[in-house]
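Both counts, for ligands and for their atoms, begin at 1 and track the order of listing.
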Amino acid sequence: MWYLIFLALLFDISACQKCLRPDALITQTIENEGFHRDIKYLIEFSSNNVNILFSAHCKVALRQDIPLGLFVNPDQIADLVRVKKLLAYIDGNVNVETPMHHSEQHSTYIYSINDTFSRISLELPIHLRYQRAQITGGFGKVELPKPSLLVHCPEGAILCGSSQKVEAPCDYTGAKSCMWSNVSYKAITNDIEMMVPVGDLDHYPIVSIVTFLVACAGCIYILSVLSTTIL
Ligand SMILES: *[C@@H]1O[C@H](CO)[C@@H](O)[C@H](O)[C@H]1NC(C)=O
Ligand SMILES: *[C@@H]1O[C@H](CO)[C@@H](O)[C@H](O)[C@H]1NC(C)=O
């Protein structure tokens with residue numbers, strides 16, 4: 001009898017150690033001011049999680065949905081990928097020129113560079129889009145959604161119980177897709193909001209008049225230079 005209980009206990013403990021009960025914290029901060037900023041993420045798994053992730057050769061990634069008011073610059077990401085400072089894949093079309101109300105949404109997958117799982121720090125450069133001018137001017141608000149924390153282990157499901165599965169690129173090349181587990185985590189920071197200065201419609205007449213006058217002055221100058229050289 002005792003022997004059976006002992007066996008059951010042993011089985012239970014070993015089962016417990018083999019499967020992953022996600023216990024992660026994510027700190028998200030924004031650096032810099034103005035239109036060009038960096039999102040910094042710090043992912044911290046508990047030491048128990050770290051051992052399991054490491055022994056199962058798992059990979060960790062973040063999926064950050066980029067709202068309409070922001071964009072990631074594909075050229076800049078490609079440069080960072082080339083020097084291996086960032087491993088990221090952009091899902092969706094990005095037009096870096098369009099203002100917010102003419103833009104499409106996209107997502108970015110950011111992959112951890114190191115296989116050390118205790119403290120994963122990742123950084124994503126983002127840019128704010130111009131927003132439609134308003135009568136009042138002032139500031140527009142952009143809210144950054146929380147990222148999804150994705151875990152993929154080649155040995156298959158190691159998460160205890162069932163977890164939400166999502167299909168996502170296996171790595172930054174985006175060549176193949178893998179099934180990832182969408183893992184819950186504790187967000188340490190509050191939701192992030194960014195303020196972007198919005199053009200003031202009241203300034204439009206002044207701006208156009210000034211532009212017109214400057215253009216006229218330029219024409220007159222060129223004409224006068226031409227006429228003196230010709231004469
Ligand atoms: C990766 O790990 C190495 C050594 O452990 C460290 O020097 C480097 O800064 C880490 N890189 C990143 C991006 O965390
Ligand atoms: C992952 O799960 C969270 C919480 O349930 C959800 O908000 C998020 O959209 C999911 N992410 C993906 C990529 O499905």
| Are the aromatic ring centres of Phe71 and His127 under 6.0 angstrom apart? | yes
Contacts satisfying salt bridge (charged side-chain N to carboxylate O under 4.0 Å, His left out) that involve residues 163-185 (not counting sequence neighbours) are none
To the nearest 0.5 Å, atom NZ of Lys186 lies from atom CG of Leu149 at 14.5 Å
His57 meets the ring-ring contact (aromatic ring centres under 6.0 Å, His included) criterion, sequence neighbours left out, with none
Pocket residues around ligand 2 (non-hydrogen, under 4.0 Å) come out as Arg63, Ser148, Gln164, Val166, Asn182
Starting from the C-alpha separation in whole Å, work towards a yes-or-no answer on salt bridge (Lys or Arg N to Asp or Glu O under 4.0 Å) for Arg21 and Asp23.
CA-CA 6 Å; Arg21 273 175 219 289; Asp23 183 10; over 6 Å; no
Those residues at least two apart in sequence (or on a different chain) that pass salt bridge (charged side-chain N to carboxylate O under 4.0 Å, His left out) with Asp79 are Arg82
